[in-house]
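Since the structure is predicted, the reported quantities are computational estimates derived from the model, not experimental observations. Side chains included, hydrogens not; waters and symmetry mates left out as well; all remaining heavy atoms used.
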Amino acid sequence: MNRSARRIRRTLQVTGAGAAALVALSACSSSDSGAASSGGGSDGLSGTVNVFAAASLTESFTELGEEFEKRHPGTEVVFNFGGSDSLAAGITSGAPADVFASASPRTMKAVTDADAAAGTPVTFVRNRLEIATLPGNPDRVASLKDLTGSDLKVVLCDRTVPCGAAAQKALTAAGLKLTPVSYEEDVKSALNKVVLKEADAAVVYRTDVKAAGDKVAGVEFPESAKAVNDYPITLLKDAPNADVGQAFIELVRSAAGQKVLTAAGFTAP
């Protein structure tokens with residue numbers, strides 16, 4: 001398994017056999033930490049740290065992971081990105097992970113209720129929704145209400161994941177009902193439907209619209225203020241590499257980490 005393949009993994013659904021697969025996948029990553037530990041840096045940190053993080057953190061956390069490895073030679077950051085609820089299910093099913101960064105307090109609560117967190121999770125950023133449309137916004141979408149038109153193919157995140165729960169909260173605040181053509185397992189999957197032109201619009205996070213660049217157009221809507229998501233992060237109780245996990249959390253919460261996150265479109269807590 002080469003370095004680039006190990007760095008980022010997308011975790012989509014973790015139920016039944018999927019949970020077992022994630023446990024096995026993470027165990028593979030954890031076994032790599034022993035091989036990497038022989039080259040620790042001067043600060044004593046070494047080995048692999050496994051970070052389970054919401055899909056919307058993919059770009060910013062990948063950048064922070066690279067920065068972390070530069071600061072701490074002998075370490076390697078391996079990510080499992082996916083829907084927060086799936087990641088939480090993997091953790092509570094026994095997947096060996098060091099850090100969990102969720103896109104909502106609700107999904108983090110599943111981990112704390114299972115006594116799987118070390119200490120109290122801390123909110124490190126916030127995120128809000130935006131409408132992603134086809135490039136140039138050919139359907140002239142200007143509001144959340146415009147998505148209710150029968151001639152538009154709209155996708156939403158599944159209601160069980162934070163981006164889906166936030167979308168439902170925004171729709172309720174607007175007094176609207178929307179029947180999407182599909183519910184997607186995480187925000188990247190919803191966005192990708194628009195990127196591939198399989199849908200006309202999707203309700204996603206503004207950070208994902210920004211990360212997509214000219215592949216989509218973004219439309220802000222006022223109801224998003226009613227559905228801002230707090231992102232908590234925590235070291236996990238049975239972390240295989242707790243010292244490195246804690247150091248990664250410290251980087252995320254540092255001024256340097258916050259600079260990367262705010263540049264991606266997140267806001268400070």
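- The minimum heavy-atom distance between F100 and L236, with the atom names listed, is CB-CD2, 4.1 Å.
- Put simply, the side chain of K210 gets close to the backbone of A263: a donor and an acceptor are under 3.5 Å apart.
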One pair to check against side-chain contact (heavy atoms from CB on, under 4.5 Å): L134 and D200. What are the steps and the verdict? CA-CA 6 Å; L134 296 172; D200 301 310; 3.9 Å; yes

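- Side chain of D113 to main chain of A110: no donor-acceptor pair is present (N/O by atom type, distance under 3.5 Å, no hydrogens or angles).
- Considering all non-hydrogen atoms of both residues, N127 and G265 come closest at OD1-O, 4.5 Å.
- Residues T75 and V49 form no side-chain contact, since every pair of their non-hydrogen atoms from C-beta on lies 4.5 Å or further apart.
- Separating the NZ atom in K193 from the NZ atom in K153 is a distance of 9.5 Å, to the nearest 0.5 Å.
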Using salt bridge (charged side-chain N to carboxylate O under 4.0 Å, His left out), reason through K188 and E59 one step at a time and then give a plain yes or no. CA-CA 11 Å; K188 294 298 185 187; E59 293 80 13; 2.9 Å; yes

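- Remark: of the listed residues V155, L152, V154, V155 is the sole one forming a side-chain contact (heavy atoms from CB on, under 4.5 Å) with V181.
- Side-chain N or O atoms of E69 include one that pairs as donor or acceptor with a backbone N or O of V77 at under 3.5 Å.
- Contact of the V99 side chain with the F61 side chain is not registered, since no non-hydrogen atoms from C-beta on lie closer than 4.5 Å.
- In this structure the side chain of L261 never reaches within 4.5 angstrom of the side chain of Y231, judged on heavy atoms.
- At a threshold of 4.5 Å between non-hydrogen side-chain atoms, the residues D158 and E185 do not count as touching.
- Heavy atoms from other residues, nucleotides or ligands lying under 6.0 Å from CD of E198 number more than 12.
- Here the closest heavy-atom approach between residue P269 and residue R126 is recorded as C-NH1, 2.7 Å.
- Side-chain contact, N192 with S189: no donor N or O sits under 3.5 Å from an acceptor N or O.
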Going through the distances and angles, do T148 and K177 end up as a side-chain contact (heavy atoms from CB on, under 4.5 Å)? CA-CA 7 Å; T148 61; K177 289 186 178 180; over 6 Å; no

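- Counting only heavy atoms from C-beta outward, the side chains of L191 and K215 never approach each other to under 4.5 Å.
- With N241 contributing its side chain and S46 its backbone, the two residues share a donor-acceptor pair below 3.5 Å.
- The structure places CZ of F221 at 4.5 Å from CG of L129, a figure rounded to the nearest 0.5 Å.
- How far CD of E130 is from OG1 of T207: 9.0 Å, rounded to the nearest 0.5 Å.
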Test T267 against R206 for side-chain contact (heavy atoms from CB on, under 4.5 Å), laying out the working first. CA-CA 11 Å; T267 56; R206 65 180 181 182; 2.7 Å; yes

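- In this structure, L178 is not a member of the same hydrophobic cluster as V161, with clusters built from ILVMFWY side-chain heavy atoms closer than 4.5 Å.
- In plain terms, the two heavy atoms of A201 and I131 that are nearest each other are CB-CG2, 4.2 Å.
- Under the 4.5 Å side-chain heavy-atom criterion for Ile, Leu, Val, Met, Phe, Trp and Tyr, F266 and V122 are members of distinct hydrophobic clusters.
- In this structure, D238 places its CG atom where only 12 or fewer heavy-atom neighbours from other residues, nucleotides or ligands lie under 6.0 Å away.
- Rounded to the nearest 0.5 Å, atoms CD (E63) and CG (L57) are 12.5 Å apart.
- More than 12 heavy atoms of other residues, nucleotides or ligands lie within 6.0 Å of CZ in R106, so this atom counts as buried by the packing criterion.
- Using a 4.5 Å heavy-atom cutoff, the side chains of D139 and T133 are not in contact.
- V228 and V204 fall into different hydrophobic clusters, where Ile, Leu, Val, Met, Phe, Trp and Tyr side chains are chained together by heavy-atom contacts under 4.5 Å.
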Which is it for T48 and V244 under the side-chain contact (heavy atoms from CB on, under 4.5 Å) test, yes or no, and what are the steps along the way? CA-CA 8 Å; T48 298; V244 181; over 6 Å; no

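- Residues D98 and Q246 are not in side-chain contact: their nearest non-hydrogen atoms beyond the backbone lie 4.5 Å or more apart.
- Heavy-atom minimum distance, P240 versus P96: CG-CB, 3.9 Å.
- The aromatic rings of F79 and F81 lie parallel to each other, with less than 30° between the two planes, well short of the 60° mark.
- Minimum interatomic distance between P135 and P138 (heavy atoms only, all atoms of both residues): O-CD, 3.5 Å.
- Two residues are said to be in side-chain contact when any heavy atoms from C-beta on lie closer than 4.5 Å; V203 and C157 fail this criterion.
- With rounding to the nearest 0.5 Å, the separation of CG in N229 from OG in S56 is 8.5 Å.
- Judged purely by atom type and a 3.5 angstrom limit, Y183 has no side-chain atom pairing as donor or acceptor with the backbone of R159.
- Summarising the geometry, atom OG1 belonging to T179 is positioned 12.0 Å from atom CG belonging to L147; distances are rounded to the nearest 0.5 Å.
- Using a distance-only test at 3.5 Å, with no hydrogens or angles considered, a donor-acceptor pair links the side chain of S102 to the main chain of S104.
- Checked by atom type and distance alone, the side chain of N137 never pairs as donor or acceptor with a backbone atom of A217 at under 3.5 Å.
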